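Everything numeric in this text was worked out from a predicted model, so none of it was measured. Here is how names work: the chains are called A, B, and so on, in the same order as the sequence lines, proteins then strands, and each is numbered from 1.
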Protein chains: 2
Amino acid sequence: MHSVNAGDDDRTARARIRDAAIACFAARGVDGTSLKAIAEEAEVSQGLILHHFGTKKGLRTACDEYAVATIQESKTSVMGAGPQVDPLAAMRADSDGPPVMEYLARTLADGSPEVAALVDGIVEAADAALAEGVKSGMLKPIDQPREVAIVLTLWSLGLLALHRHAERLLGVDIIGPPEERARYVRIAMEALGRGLFTDEAYQHARDALAAPDEERRS
Amino acid sequence: MHSVNAGDDDRTARARIRDAAIACFAARGVDGTSLKAIAEEAEVSQGLILHHFGTKKGLRTACDEYAVATIQESKTSVMGAGPQVDPLAAMRADSDGPPVMEYLARTLADGSPEVAALVDGIVEAADAALAEGVKSGMLKPIDQPREVAIVLTLWSLGLLALHRHAERLLGVDIIGPPEERARYVRIAMEALGRGLFTDEAYQHARDALAAPDEERRS
DNA sequence: AATATAACTGATCACATAGTCAGTCTCAAG
DNA sequence: CTTGAGACTGACTATGTGATCAGTTATATT
């Protein structure tokens, strides 16, 4: 009865609580989720949650750490295959585990230090991937490579945060499996790959933007 | 004492409550804000909030409507100046009013119908702007103009939702005044304007993506 | 088997919350 | 002046919250 396992679930109670919390937080937000709801979802008592995590904030932190670790893991495994243009492509949550991507989408905006560090790491990876792409001749030389890496990363993650809008407008669940995201990648490729401006319009815009006060180059 | 106005503030109490709610919601989120906190901020009793708005949800809806109306207003006024590439540039909150942009950034992700409608409207505007740009020869022809308009809009709005990350990584407050955002525009221009891929790499990637279903392992 | 340690529960606490209500005050119209 | 309606308040309620705690059960160690 009071065993470590409950039902046919072989996860430890601690893991079950964490996963339940991630699911609840992803679905209704951290503030919108009570410990009671998590306890019911994990089929444990509410007291056990606090026994394991101390406070709700502690649970939140544990969720952040787990999500970050999960994503880092899949990121490095995907990274081995070669440089990736789309930072999002490097992030793929296991379909069987807790909904890490949804959780991240929810918590990206209300900045915890753990998530901030994750974002920083993704930027670094994107920066490296861009440099690699330039070196291999796949990408054009970039004037502000780091800044471009940052913006590309935040565009991707921002789209993740707004994935419900993307689903409504585009009919694409960018959190879903790779084949579901293929349409998005094609659209992104059209915008980012060849560029939108005509050559002369780009030169003109560039000159107009370059004019201001100070110049920041690497 | 019980007059319509309080202190030297000539807004109606109803407007003061709404503005205070927007400020609190923007700062700490809707769920993280109590009616008591709003009442204190607006210098009214908590009962008056419910007298005017019925429920907290009603207040939230009123905030959404006000924010949407404010942004729509500035959007159309900016639109008169000509087609805009960056959807964000069309949105500028008055510096004196409540922090509408911060509020929008907070609420973009937890989709209310009002905000969803606003997003749809911005997409329409971006779509029209793209078409205009193509027509005037500023932009290259676009294969999937509507989809590109959607993605560009969501990238911009997603960046807005993640503006704290942008500030940390880029040192740019994209909510701030236009001159503050100039650096971001230059970066976005480098990525979107001329494109990142070399010509042959783009052709190659494009061909690879055009194939209906393929397992893409780079 | 004995014992210590950790897992776990359910009752309970103090507190914050959204919402209700009775009644006061202001002001304008009759 | 009277009256009625809406603005407004402060006390109140019912409920939900995170957290505490005493006590119980399981697991591991010896």
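- Taking the charged nitrogens against the carboxylate oxygens, B:Arg146 and B:Glu124 do have a contact shorter than 4.0 Å, which makes a salt bridge.
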Scoring nucleotides 17-23 of chain C by protein non-hydrogen atoms under 4.0 Å (B base, S sugar-phosphate only, - none) yields SBBB---
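- The environment of A:Arg164 atom CZ is sparse: at most 12 non-hydrogen atoms of other residues, nucleotides or ligands sit within 6.0 angstrom.
- Checking side-chain atoms of A:Glu180 against main-chain N and O of A:Asp173 turns up a donor-acceptor pair under 3.5 Å.
- Nearest to the side chain of A:Ala13, among D:dC8, C:dC8, D:dT9, sits C:dC8.
- Atom CD1 in B:Ile17 sits about 12 Å away from atom C1' in D:dT9, given to the nearest Å.
- Side chain of B:Arg106 to backbone of B:Ala27: a donor-acceptor contact under 3.5 angstrom is found.
- Atom CD of A:Glu43 and atom C1' of C:dT9 are 15 Å apart (whole Å).
- If you take NE2 of A:His51 and P of D:dG18, they are 19 Å apart, rounded to a whole angstrom.
- Straight-line distance from the CZ atom of B:Arg16 to the C1' atom of D:dC8: 11 Å, rounded to whole Å.
- In this structure, B:Arg60 forms no cation-pi arrangement with B:Phe53, as its terminal cationic atom is not both closer than 6.0 Å to the ring centre and no more than 45° off the ring axis.
- Partners of B:His165 by side-chain hydrogen bond (donor to acceptor under 3.5 Å, both in side chains), not counting sequence neighbours, listed by chain and number: B:Arg168.
- Protein atom CZ of B:Arg11 is 17 Å distant from nucleotide atom C1' of D:dA7, rounded to whole Å.
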